[in-house]
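For reference, the structure discussed in these notes is given below.
A, B, ... follow the sequence lines: proteins, then strands. Residue 1 opens every chain.
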There are 2 protein chains.
Amino acid sequence: MPSEELQYPTKPYSKVNRYDVREGKATYALKTIHELVNTCPILQVSFATQDSPFPTMLPMIGQMGSFARPSSDIGDVLELYLHGYVSSRLINMSRKSNNSNDAPGAETEPSGLPITVGASHIDGLVLALTPNSHSYNYRSAVLFGHAEIVTDAEEKLWTMELITNSVVRDRYRHTRLPPNNAEMQSTSILRVRIAAGSAKIRSGMPSDEKSDLEDAALLDRVWTGVVPVHYTLGDPMPGPYNKLETLPGYLDDFVRESNQDAKGIAVEAATKAMKPKLKQED
Amino acid sequence: MPSEELQYPTKPYSKVNRYDVREGKATYALKTIHELVNTCPILQVSFATQDSPFPTMLPMIGQMGSFARPSSDIGDVLELYLHGYVSSRLINMSRKSNNSNDAPGAETEPSGLPITVGASHIDGLVLALTPNSHSYNYRSAVLFGHAEIVTDAEEKLWTMELITNSVVRDRYRHTRLPPNNAEMQSTSILRVRIAAGSAKIRSGMPSDEKSDLEDAALLDRVWTGVVPVHYTLGDPMPGPYNKLETLPGYLDDFVRESNQDAKGIAVEAATKAMKPKLKQED
């Protein structure tokens, strides 16, 4: 790990508490966390509301990026851009949060609505000798930050391209551009300034207790190992008004390469050892 | 839809606000919501904390069930059982929430920690003529309820079987049983009494604006349709201490049938029309 690799600060609310072979390894590296967010097709976005004890939770699409420095590396300080159904309530809440800065004594609280964003990937089913030692291979990240509505037209356009191309590589320039006024108006983008983040990753084969590993009859009876899990993109299905008889090259390549990559990640996660250490017997 | 189909009450915090062809259709049916939760490999669990403006978010495994009525149907009133890393903080919070019931005037507030649980599935990439009409086919549910730690040993055992078999059908009885004392102690299960829930589902082909559909040159240039998306279980990879030379039948069947089902759902989502209605031109 190069010394210049950036880490998110460890805050009480972002600290990952436990490390063992079954539960996974914690990291605060921006690069790792940003990559997990960028490759997660659905992010869960959560924020508190005053009129309910339950946080709101919304599925959204998101990408890390920097409008000010578009050529930033994935491991740099970036903002999270979120796209999805932004309710009028959410818009109002993020405006109210901004206004609260006018209140006396509130100058240390950053503007924007405090939100938490979860990005979880499953890479495999880890099948062990006992139910308790079963696990997933997974990669899960969480980001904490302050969300504001993007109002600048140029930044909005830039984000629409960023997010469209995150769904299908190189898709944006192959569509009808630019978005018209109605489309610009109806699109709401949230920009999240990140305060902290963390990730937890579990990879490798099962790890059972010593007493079970010494039980020959048990070993003869129970299959142990990993069932890799990954997303697959199926054969593209032309819609009712599609006129193209063959699939465009960028789309064909994207589907094929996405599938190769996804399978590779799941298989690699199964074989990548995590410094196996036997758990203590009780 | 049979008249006896149960629906969750529509609360201000659970109401789904918008319906259009791109954004999806709302439902409050217990059966639909419970099925989405049960088939989601990672749930996101969120709850407020007093010492931070950001809700906590944790990935967990969960299943709907009823310990009192184990033969309940998926569309019945059920509780959500959650398994995962339950921090001492979470345990303390759910205990404190219980105690708060002793406070005067708090008798109407249910005991347990108020939590929100998100379960999202992606079924396809919906590629339209314009970036704005792009969408996902998806099925996303959210449940709101009060979480308490399961302390009864029998209920805990029952939940361990329920959750293990939700990961791999019929796996539990093929492992070393019963869990020993240390395993029982180290396993924390949350039981969530559900207060409300909702789901949003989008299926079908793209739906573009009339003006774009009349643009022949655009139609000749842009591929439109759906790329199905689904999870795949790869070939099981035996671990370092596996002794079984062939894969057990229950596991082989599970992998094959899961893959058939997952692919079928994604393809069906692409073809299942949602009462297409053209959006209004601006």
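For the pair A:N242/B:W223, a side-chain contact is recorded, criterion being any heavy-atom separation below 4.5 Å from C-beta on. B:V227 places none of its side-chain heavy atoms less than 4.5 Å from the side chain of A:F254. Proximity of B:L177 to A:P131: side-chain heavy atoms (C-beta onward) are separated by under 4.5 Å at one or more points. Residues A:P206 and B:Y241 have side chains in contact (heavy-atom distance under 4.5 Å, counting atoms from C-beta outward). Side chains of B:H134 and A:V167 form no contact here, defined as non-hydrogen atoms less than 4.5 Å apart.
Proximity to chain A is absent for every atom of B:N181, based on heavy atoms less than 4.5 angstrom apart. Interface remark: A:L125 contributes side-chain atoms only to the contact with chain B (heavy atom separation under 4.5 Å). Proximity to chain A involves both the backbone and the side chain of B:S120, based on heavy atoms less than 4.5 angstrom apart. Looking at A:M160, only its side chain comes within 4.5 Å of chain B, counting heavy atoms on both sides. Contact annotation for B:H230: both backbone and side-chain heavy atoms come within less than 4.5 Å of a heavy atom of chain A. Interface residue B:V229: backbone and side-chain heavy atoms are both found under 4.5 Å from chain A. With a 4.5 angstrom heavy-atom cutoff, B:V267 touches chain A via backbone and side-chain atoms both. With a 4.5 Å cut-off on non-hydrogen atoms, B:A195 touches chain A through its side chain but not through its backbone. Only the side chain of B:L251 comes within contact range of chain A, with at least one heavy atom under 4.5 Å from a heavy atom of that chain. A:L58 does not touch chain B: none of its heavy atoms, backbone or side chain, sits under 4.5 Å away. Both the backbone and the side chain of B:S46 have a heavy atom closer than 4.5 Å to some heavy atom of chain A. Interface remark: A:A217 contributes no atoms to any contact with chain B (heavy atom separation under 4.5 Å). The contact between B:L127 and chain A is made by backbone and side chain atoms together, counting heavy-atom distances below 4.5 Å.
In this structure, CG on A:D212 lies 7.5 Å from CG on B:N180, to the nearest 0.5 angstrom. To the nearest 0.5 Å, atom CD1 of residue A:I61 and atom OH of residue B:Y136 are 4.0 Å apart. A distance of 10.0 Å separates CZ of A:R176 from CZ of B:R221, quoted to the nearest 0.5 Å. To the nearest 0.5 angstrom, B:N132 atom CG is 11.5 Å from A:Q185 atom CD.
Among the candidates A:L218, A:D220, A:T224, the single residue satisfying the side chain to side chain contact (heavy atoms under 4.5 Å, CB included) test with B:K243 is A:D220.
Chain B forms more heavy-atom pairs under 4.5 Å with one residue of A:A128, A:P179, A:A196 than with any other, namely A:A128. Taking A:M57, A:H121, A:H174 one by one and counting their heavy-atom pairs under 4.5 Å with chain B, the maximum is reached by A:M57. Ranked by heavy-atom pairs under 4.5 Å with chain A, the list B:P55, B:S52, B:P248, B:S258 is led by B:P55. Note: B:P41 leads B:P41, B:A216, B:A48 in heavy-atom pairs under 4.5 Å with chain A. Comparing B:G239, B:G225, B:P228 by heavy-atom pairs within less than 4.5 Å of chain A, the highest count is held by B:P228. Put simply, of A:E183, A:K11, A:E161, the one with the most heavy-atom pairs under 4.5 Å next to chain B is A:E183. Counting heavy-atom pairs under 4.5 Å between each of A:G124, A:P236, A:A270 and chain B puts A:P236 at the top. Comparing A:V222, A:T232, A:T130 by how many heavy-atom pairs each has under 4.5 Å with chain B, the most go to A:T232. For chain A, the option among B:V142, B:L219, B:T164 with the highest count of heavy-atom pairs below 4.5 Å is B:L219. In terms of heavy-atom pairs under 4.5 Å with chain B, the best-connected choice from A:T271, A:V255, A:L247, A:T49 is A:L247.
Between A:H146 and B:F54, the ring planes are perpendicular. Angles over 60° get that label, and only those under 30° would be called parallel.
Taking all atoms of both residues into account, the shortest heavy-atom contact from B:A119 to A:Q44 is N-NE2, 4.2 Å. Summarising the geometry of A:P238 relative to B:M205, their closest heavy-atom pair is O-CE, 3.7 Å, with the distance given to 0.1 Å. When all heavy atoms of B:P53 and A:P114 are compared, the pair lying nearest together is O-CB, 3.6 Å.
Within a 6.0 Å sphere centred on CD of A:E214, other residues, nucleotides and ligands contribute more than 12 heavy atoms. Heavy atoms from other residues, nucleotides or ligands lying under 6.0 Å from CG of A:D235 number 12 at most.
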